[in-house]
Every structure is written in structure tokens, then in C-alpha cells.
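Just below is one structure, and these are the notes that go with it.
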Amino acid sequence: MSMALYHNGYNSNNLQEQYAVMLDMLERAEADNVLDIAFSEVTHAKKKGRSVRFSRWAIPATNTTPIVEGINNSVRSLSPEDVFVTIEEYSETFAYSSQAADLDPLDYAAGVAEVGYDLVKLDRTAIRWATMIAGTQRIFNSSTIGLRQNVNGVITGGRLDQAVTILRSAKAKPYSDLKLGSNRIGTTGLMPSFIAFGHEHLRPDFEKIPGWQPASQYPSDIRLNPYEVGSLASGRIRVILSPELEPIADAGASKGSANLRSTSGSNVDVYPIVIVGKYALKSLSLRGSGARGRGNLDTYTINGPDRVDPANLTRYWSAHWYDANFIAHELWMIRVEVACTAAYQ
């Protein structure tokens, strides 16, 4: 049941009429937890240093030469491949006045906590997306294009097939196993799949590619997260879209009269589609710190007088966390940079 109380102010649209304040807040857009599935989590103990070294053993080249009787082959040596990671520190802080806390009918204390948690999720997604689009392995909307500034077309099935071939040639590991079809009418199974991440604007372009299979035609609800919309390449690529996975504004070719999205109207916006295999990306969390899934998050509410604010005129809500997201294997992920159709007629 909604609650309302009358306020001693007046409606800005009608200065003769007093307004009521509804204490139930309106619904708002919430943050998406869209990228957690892409990052394998590794824990790190506190007080063990800010920089972390990860290693894997490199496999030497094969040897097809038979041995000569009585003579051993050359001795092999193990060689580690190292990835160095630096843990970064982040925070968000909200402030509100004592009058807002004591006199305003709205609950500011609850509001800053609610919005603060969502803002932390948005920050973490932006940090992870920046890591994902910084990978060195990329192709573009056409095989004739080699630079981002020349991107001038939308995603095609051929470029997705090329991306899958590159990943499979590097022995990238699929995220999901073979999913057999079911006896549900209109459903189709899925091949072992990589995951493609991109902006929601790309959905119509994906849907126009021959072979598009919406998630509603999966054998059952086997979506990897709520933002998975469908699959392509016989189920070898499962597509996850979110408006939080931002494009790169005006970074492509001249727009001209093309029906492509552009922030300024001069050059096309470039939309990264990041296709990843399992274990290509990792995140580092501090063991024993914060709730799982919140990136080692600690929150603080400061409400009381001190030497700086002896009258307690300002209240604070603060969040603090550590994040380290990194590419563990460059060859197990690939980025396809494309344009996006502006409007379908």
C-alpha cells in the first residue's frame, strides 16, 4: 500500500495546488551484472602484496626427428609465461545534509545505499569492459579493413565464423558443452559455445544474420545469464547484450548517408563485439574481504559529529573495494569491431 503525505510546497505546474509526497519511490533502471560470467575468479590473501604474478608453462615445439641408436634427444627446459597484475583500489561516496535527513519526507539514508550499490556495479562493469576491449587480437567488419578508423559496416555471419575459427585454432575452451535438442517443437540444440558480448543496439543486426537462434528456441532455459538473447554459427556463439557495454563514439569511417549510428553525425560509432573462451579473462578478489560477487566491497555509513563537522550537518555513505581484472590468455578471446544500423525501416 502506497503512503503519501502533504508537503507545504506547491506543484510547480500549478501554483494554486498543494502537492503530496509519495513515500514509495518510482521504479528506475537498475545495474546489470552482465560480465561476471566472463571472468574466472581467483582469490588473493590480504597483506600479500599489491602486485601479483601469474604463470603457465609454455609448451616447446614438437620434435619429429627419430633418435639415433644410443644417442639421447636434446634435453628440454621448462619455460614459464608470466602475466603480472596490479590490484587497484576504488571508492564511491555520497553525502547528504542533516536537513535532508531530518526534514525531507524521502528516506535519504536508504536512497544513498540503494543507489550506491548500483553505482558500484556500474563502475565494476565499466572497468571490466575496458579490460575486455583492450585485447590485442581483433578483426573488423570486413577482411579488407585493418584499422578502427575505417570501420564502415555491420556484423556479418562470415566475420563471426572467422572469429570462431581463430579461437578454435588457438584451442580456446568453450564456455558450455554440447546441448542436445529436445522434443519441444521449434527448438534446436547448441554446439560447444563461446560467448559474445556487445551493446543492446546490436540486437537487430544479430537477428538479421542467417542462422540466428533466439534464446526462446533453446532446448530449455539454459541461458548463461538473463542477458543472453540468442546464438549464431550453429550455436557456437552465444550472444549476451547490455546497454552498459558502451560503443566507441565517432571512431569509425565517415558516416556520409549510410544508415549507421553516429554520436556526432560525422563518423560512425564503433561497436566492439568481444568473443571469449573460458579462462581467457580472470578477476582477482581478496580472500575474506566483502561479499562474494561484490568485488571485495566494504561499505561505511558516517553519521555523527566529529572535529571537522561538530554539528553533524553532513551525513555520508561510502563504498570501498579492490579490483584486478586482466586478460589471462590473449589468444582465447577476440574482438570484432563493427558499425551498427541506425534504424530499420
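Residue numbers start at 1 and run along the sequence shown. These numbers come from a predicted model, not from an experiment.
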Heavy-atom distance under 4.5 Å between the side chains of [X] and [Y], does that happen here?
X: Tyr322; Y: Glu88; result: no
X: Ile139; Y: Ile334; result: yes
X: Pro272; Y: Trp129; result: yes
X: Met132; Y: Phe197; result: yes
X: His44; Y: Val52; result: yes
X: Pro174; Y: Ser193; result: no
X: Thr125; Y: Asp32; result: no
X: Asp24; Y: Met22; result: no

If we ignore hydrogens and angles and just use 3.5 Å, is the side chain of [X] paired with the main-chain N or O of [Y] as donor and acceptor?
X: Arg335; Y: Gly135; value: yes
X: Tyr175; Y: Pro192; value: no
X: Arg56; Y: Glu81; value: no
X: Asp205; Y: Ile155; value: no
X: Arg315; Y: Asn312; value: yes

Please name the pair of heavy atoms, one in [X] and one in [Y], separated by the smallest distance, quoted to 0.1 Å.
X: Leu245; Y: Gly198; answer: CD1-O, 3.5 Å
X: Gly265; Y: Lys255; answer: O-CD, 3.8 Å
X: Ser234; Y: Met191; answer: O-CG, 3.1 Å
X: Leu190; Y: Gly235; answer: CD2-CA, 3.8 Å
X: Asp309; Y: Asp306; answer: N-OD1, 2.6 Å
X: Val270; Y: Ala251; answer: CG2-C, 3.7 Å

Just checking, is any N or O donor in the side chain of [X] or [Y] under 3.5 Å from an acceptor N or O on the other one?
X: Asn267; Y: Ser254; result: no
X: Ser283; Y: Asn325; result: no
X: Asp250; Y: Thr263; result: no

Requested in this report: Quick one: list whatever passes side-chain contact (heavy atoms from CB on, under 4.5 Å) with Val229, sequence neighbours left out.
Outcome: Trp212, Val239, Leu241
Requested in this report: Report the residues that fulfil side-chain contact (heavy atoms from CB on, under 4.5 Å) with Asn152, sequence neighbours left out, ordered by chain and then residue number.
Outcome: Asn141, Ile145, Ala253
Measure the spacing between [atom1] of [X] and [atom2] of [Y] and express it to the nearest 0.5 Å.
X: Ile273; Y: Ile237; atom1: CD1; atom2: CD1; value: 9.0 Å
X: Leu35; Y: Arg124; atom1: CG; atom2: CZ; value: 9.5 Å
X: Tyr96; Y: Asp104; atom1: OH; atom2: CG; value: 11.5 Å
X: Ser231; Y: Ile240; atom1: OG; atom2: CD1; value: 11.5 Å
X: Glu207; Y: Leu202; atom1: CD; atom2: CG; value: 11.0 Å
X: Leu23; Y: Leu106; atom1: CG; atom2: CG; value: 7.0 Å

[X]: partners by ring pair (Phe, Tyr, Trp, His ring centres under 6.0 Å), with sequence neighbours left out:
X: Tyr90; result: Trp321
X: Tyr279; result: none
X: His201; result: His199, Tyr271
X: Phe326; result: Phe54

Report task. Could you walk me through whether Tyr316 and Thr93 pass side-chain contact (heavy atoms from CB on, under 4.5 Å), step by step? Result -> CA-CA 7 Å; Tyr316 296 93; Thr93 301; 4.1 Å; yes
Query - Criterion side-chain contact (heavy atoms from CB on, under 4.5 Å) on Thr131 and Ile327, from CA distance to verdict - result: CA-CA 7 Å; Thr131 298; Ile327 299 172; 4.1 Å; yes
With sequence neighbours excluded, tell me which residues meet salt bridge (charged side-chain N to carboxylate O under 4.0 Å, His left out) with [X].
X: Arg28; result: Glu114, Asp118
X: Glu228; result: Arg238
X: Glu200; result: Arg203
X: Arg159; result: none

Requested in this report: Group every Ile, Leu, Val, Met, Phe, Trp and Tyr by side-chain heavy-atom contacts under 4.5 Å, then state whether Leu281 and Ile133 land in the same group.
Outcome: yes
Query raised in the report: Do Val274 and Leu232 share a hydrophobic cluster, counting only Ile, Leu, Val, Met, Phe, Trp and Tyr and linking them when any side-chain heavy atoms are less than 4.5 Å apart?
Result: no
Query raised in the report: Is there a side-chain contact (heavy atoms from CB on, under 4.5 Å) between Ser318 and Thr299 once you walk through the steps?
Result: CA-CA 6 Å; Ser318 181; Thr299 60; over 6 Å; no
Query - Stepwise salt bridge (charged side-chain N to carboxylate O under 4.0 Å, His left out) check, Arg53 with Asp82 - result: CA-CA 7 Å; Arg53 170 190 170 187; Asp82 296 325; 3.1 Å; yes
Query raised in the report: If you count the non-hydrogen atoms of other residues, nucleotides and ligands that lie under 6.0 Å from CD in Glu89, is the total more than 12?
Result: yes
Please table the atom pairs, donor to acceptor, closer than 3.5 Å between any side-chain atom in residues 162-169 and protein atoms at least two apart or in another chain.
{"from": "Thr165", "atom 1": "OG1", "to": "Asp161", "atom 2": "O", "distance (Å)": "3.0"}
{"from": "Ser169", "atom 1": "OG", "to": "Thr165", "atom 2": "O", "distance (Å)": "2.7"}

Less than 4.0 angstrom from a charged side-chain N to a carboxylate O is my criterion; do [X] and [Y] meet it?
X: Asp123; Y: Arg128; result: no
X: Glu41; Y: Lys282; result: no
X: Lys121; Y: Glu30; result: no

Query raised in the report: Is the distance between the ring centroids of Tyr117 and Trp317 less than 6.0 Å?
Result: yes
List, one per line, each side-chain donor-acceptor pair under 3.5 Å for residues 62-80, sequence neighbours excluded.
{"from": "Asn63", "atom 1": "OD1", "to": "Thr65", "atom 2": "N", "distance (Å)": "3.0"}
{"from": "Arg76", "atom 1": "NH1", "to": "Ala61", "atom 2": "O", "distance (Å)": "2.8"}
{"from": "Arg76", "atom 1": "NH2", "to": "Ala61", "atom 2": "O", "distance (Å)": "2.9"}

Query - Derivation and outcome, side-chain contact (heavy atoms from CB on, under 4.5 Å), residues Ile275 and Met333 - result: CA-CA 6 Å; Ile275 306 172; Met333 61 182 290; over 6 Å; no
